[in-house]
Amino acid sequence: MSTVLVTGGTGYIGSHTCVELLNNGYDIIIVDNFCNSSPDVAGRIEQITGKKVKLYKCDLCYDVEKLDEIFKENKIDAVMHFAGLKSVSESIKFPILYYENNVFGTVNLCKAMEKHNVKKIIFSSSATVYGTSSFAPYDETMPIGDVSNPYGRTKYIVEKLFEDLCNSDALWNVVILRYFNPIGAHESGLIGESPKGIPNNLMPYISLVAAGKLDTLTIFGKDYDTPDGTCIRDYIHVIDIAKGHVCALSGITKLSGVNAYNLGTSKGTSVLELINAFQKMTSRKVRCTFGERRKGDIPVVYANADKAYKELGFKAEYGIEKMCIDAWRWQCNS
Ligand code: NAD
Ligand code: WQD
C-alpha cells in the first residue's frame with residue numbers, strides 16, 4: 001500500500017483517477033484550491049469507492065506554508081499533479097495567469113517535494129505540446145514545443161522543467177502523460193466534467209445542446225482535408241485516462257529519469273462522427289450548424305499509443321459509444 005498526493009484531485013480527470021487509485025488499494029490525499037471544482041466531489045469519490053479521502057484546500061501558488069505542512073503531516077510516496085488551468089482561449093486572454101498558475105504552481109510543488117524527499121511524480125501534460133511541426137499519428141519521439149497558445153506552452157515548459165530536474169538529480173522519477181481528448185464520465189453518474197459558463201470543448205457543448213441548455217452547436221469548419229471535411233481527434237474515455245495513471249504509478253519504479261507517454265486510443269473520430277454517435281446512443285437530437293474554422297485548430301490529431309502499451313501495459317478499452325452514453329448520464333444528473 002502506498003499513499004499518493006493528488007493535486008487537482010476534485011477536478012474532472014483527478015477525481016476519476018482518485019476513484020481508480022482507491023479501487024486499486026492506494027491511499028490518497030487530495031490538494032485543491034477549488035478554483036474549477038467543488039469540495040463535494042471528495043464525498044462523491046467516497047460514495048463510489050466506500051473509502052475515505054483526505055482533502056486539503058490549498059493553492060499551489062499562494063499556500064506554500066500549508067503545502068509544506070501537508071508534506072510534514074503525511075507520509076507521501078508519490079504525487080500525481082493535475083492542478084492547473086486548462087482553457088486554451090482563456091490562456092490567450094490571460095497569459096500571466098496561466099504561466100503563474102501552471103508553471104509557478106508546479107515549481108512550488110517541486111520545491112516541497114524536494115524538501116520532503118518525495119521524488120516520484122506523474123504529470124498531466126497534453127497532446128497539444130506536439131504542436132504543428134509533426135503530423136498524426138503522434139508518437140513520443142516527435143519534437144515538442146511548436147505550440148500556438150500560452151496554455152500549451154505552459155505544458156511544454158513544465159515538461160522541460162522536469163527534464164532539467166531529472167538531469168540534476170538521478171533520484172527524481174517523472175512520468176509525463178500526454179492526454180489526447182478525454183471525454184465521458186464515471187458510470188455512476190456521480191462525477192464528471194463541469195465546465196463553468198459556455199464550454200469551449202466539443203463534448204460538453206454537445207451534451208448541453210442535447211439537454212436543451214444551449215441552442216445550437218457550431219461545427220468549426222467543414223472544408224478540412226478529411227473524409228467528411230470536419231476535424232479529427234483521438235477521444236479517450238476519462239476512465240481509461242484514470243487507468244493509465246494507475247499503470248504509470250505501478251510502472252514508475254522500474255523507470256528512471258523522465259519518461260513521456262501518450263494516453264490515447266490511436267483512433268481518430270471526426271466532429272460529425274462524434275455528433276452522430278452521440279445522437280444514436282442517446283436518442284437525442286443535437287442541433288448543429290457549420291461555422292468558420294476555429295483559429296489554431298489542427299485538422300487531424302490522434303495518437304500512436306504503442307509506447308504506453310509496451311512499457312506501462314496500458315491500452316484504452318472503451319469506444320466512442322460508451323464515452324457518449326456516460327457523458328450523457330452525467331449531463332442528465334448535473
Ligand atoms: P479541471 O479544471 O477539472 O481540474 C483541475 C483541478 O485543479 C481543479 O479541481 C482546480 O480547482 C485545481 N487547481 C487549479 N489550479 C490550482 C492551484 N493553483 N492550486 C490547487 N488546485 C488548483 O481540469 P482537468 O480536465 O481535470 O485537467 C487536469 C489536468 O490535465 C490539467 O493540468 C489539464 O491541463 C490537463 N489536461 C486536461 C485535458 C482535458 O481535455 N481535460 C487534456 C490534456 C491535459
Ligand atoms: C475538438 C474538435 C473543434 C467545439 C483542446 C485543447 C487541448 C486539450 C483538449 C487540454 C475540434 C471542434 C469544438 C465546438 C467544434 N486540452 N469543435 N465546435 O481543440 O482538440 O483540444 O482540449 O489540454 O489542449 O486544445 O478539443 O473539444 O475544443 O475540439 O466544432 O463548439 O471539435 O474545432 O475540431 P481540442 P475541443
Side-chain angles (χ1 to χ4, degrees), residues 6-17 30-39 41-42 56-63 66-67 80-89 91 97-98 100-102 104-106 108-109 123-131 147-149 151-152 154-155 158 177-183 191-196 198-206 208-209 214 216-222 224 226 230-236 238 241-242 245 263-264 269-272 274-275 288-302:
V6 186
T7 76
T10 48
Y12 174 45
I13 302 172
S15 58
H16 290 80
T17 306
I30 296 179
V31 166
D32 204 300
N33 67 356
F34 310 121
C35 70
N36 197 34
S37 60
S38 149
V41 173
Y56 291 93
K57 180 169 196 263
C58 172
D59 189 311
L60 295 183
C61 292
Y62 303 114
D63 300 330
K66 182 143 187 202
L67 190 61
M80 287 196 181
H81 180 33
F82 297 94
L85 300 174
K86 63 165 179 179
S87 158
V88 170
S89 58
S91 79
L97 177 70
Y98 271 67
E100 179 176 48
N101 199 74
N102 293 3
F104 183 50
T106 305
N108 286 338
L109 176 66
F123 170 62
S124 303
S125 189
S126 168
T128 210
V129 296
Y130 290 114
V147 187
S148 63
N149 60 77
Y151 164 73
T154 66
K155 291 291 172 192
V158 172
L177 297 177
R178 296 180 185 147
Y179 314 155
F180 280 67
N181 289 60
I183 59 171
I191 54 173
E193 186 173 16
S194 312
K196 284 190 178 143
I198 296 177
N200 290 307
N201 294 115
L202 181 59
M203 186 49 121
Y205 210 110
I206 289 177
L208 286 168
V209 172
L214 288 174
T216 307
L217 168 76
T218 303
I219 299 170
F220 299 138
K222 60 173 177 181
Y224 284 100
T226 59
T230 65
C231 285
I232 289 176
R233 294 291 180 271
D234 186 340
Y235 298 98
I236 172 167
V238 65
I241 293 268
H245 285 73
L263 291 187
T269 301
S270 74
V271 175
L272 282 174
L274 186 65
I275 296 166
C288 341
T289 176
F290 284 104
E292 294 296 304
R293 289 181 176 200
R294 184 172 67 178
K295 198 166 167 271
D297 272 344
I298 297 173
V300 180
V301 179
Y302 62 94

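We count ligands from 1, going down the list as the structure has it; atoms in each ligand are counted the same way. Basis for what follows: all heavy atoms, side chains included, without hydrogens, waters or symmetry-related copies.
Remark: minimum distance from atom 8 (C) of ligand 2 to any protein heavy atom is reached at S126 OG, 4.1 Å. Of the protein's non-hydrogen atoms, the one nearest atom 34 (O) of ligand 2 is C231 CB, 2.9 Å. In terms of protein heavy-atom proximity, atom 22 (O) of ligand 2 is nearest to N201 ND2, 3.0 Å.
Taking the side chain as every heavy atom from C-beta outward, Y224 and R293 approach each other to under 4.5 Å. Side-chain contact between I232 and T269 is absent, with no heavy-atom pair separated by less than 4.5 Å. Looking at E100 and Y62, their side chains come closer than 4.5 Å, going by heavy atoms from C-beta outward.
The number of heavy atoms from other shown groups lying within 6.0 Å of NZ (K295) does not exceed 12.
When Y151, F290, Y235 are checked for heavy-atom proximity to atom 10 (C) of ligand 2, Y151 turns out nearest. Across F220, Y205, Y224, F180, heavy-atom proximity to atom 14 (C) of ligand 2 is greatest for F220. When the heavy-atom distances from atom 26 (O) of ligand 2 to D234, V129, N181 are ranked, the shortest goes to N181. Around atom 29 (O) of ligand 2, the closest heavy atom drawn from K155, R294, M203 belongs to R294.
Every atom of ligand 2 with a heavy atom of D297 under 4.0 Å away is listed here by number and element: 3 (C), 19 (O), 33 (O). The atoms of ligand 2 that sit less than 4.0 Å from any heavy atom of V88 are 6 (C), 25 (O).
Of the N or O atoms in K86, none lie within a sub-3.5 Å distance of an N or O in ligand 2. An N or O contact shorter than 3.5 Å is missing between V271 and ligand 2 by distance.
Annotation: cation-pi geometry not satisfied between R233 and F180 (NZ/CZ under 6.0 angstrom from ring centroid, within 45° of ring axis).
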For each nitrogen or oxygen atom of ligand 1, which protein N/O atoms lie closer than 3.5 Å, and how far apart are they, rounded to 0.1 Å?
from, atom 1, to, atom 2, distance (Å)
ligand 1, 2 (O), N36, ND2, 2.7
ligand 1, 3 (O), Y12, N, 2.8
ligand 1, 9 (O), G11, N, 3.3
ligand 1, 9 (O), D32, OD1, 3.2
ligand 1, 9 (O), D32, OD2, 2.6
ligand 1, 9 (O), S37, OG, 2.7
ligand 1, 11 (O), D32, OD1, 2.7
ligand 1, 11 (O), N33, OD1, 3.4
ligand 1, 11 (O), C35, N, 3.0
ligand 1, 11 (O), N36, N, 3.0
ligand 1, 11 (O), S37, OG, 3.4
ligand 1, 13 (N), N33, OD1, 3.4
ligand 1, 15 (N), N101, ND2, 3.0
ligand 1, 18 (N), D59, OD1, 3.3
ligand 1, 18 (N), N101, OD1, 2.9
ligand 1, 19 (N), L60, N, 3.0
ligand 1, 21 (N), N33, N, 3.1
ligand 1, 21 (N), N33, OD1, 3.2
ligand 1, 25 (O), K86, NZ, 2.8
ligand 1, 26 (O), Y12, N, 3.2
ligand 1, 26 (O), I13, N, 2.7
ligand 1, 32 (O), F82, O, 2.9
ligand 1, 32 (O), K155, NZ, 2.9
ligand 1, 34 (O), Y151, OH, 2.7
ligand 1, 34 (O), K155, NZ, 3.1

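Residue contacts with ligand 2 for N149 are absent, since no atom lies close enough (heavy atoms, distance under 4.0 Å).
Here F82 and H16 keep their ring centres 6.0 angstrom or further from each other. With ring centers used as reference points, Y179 lies under 6.0 Å from H245.
The closest side-chain donor-acceptor pair between T106 and H81 falls under 3.5 angstrom.
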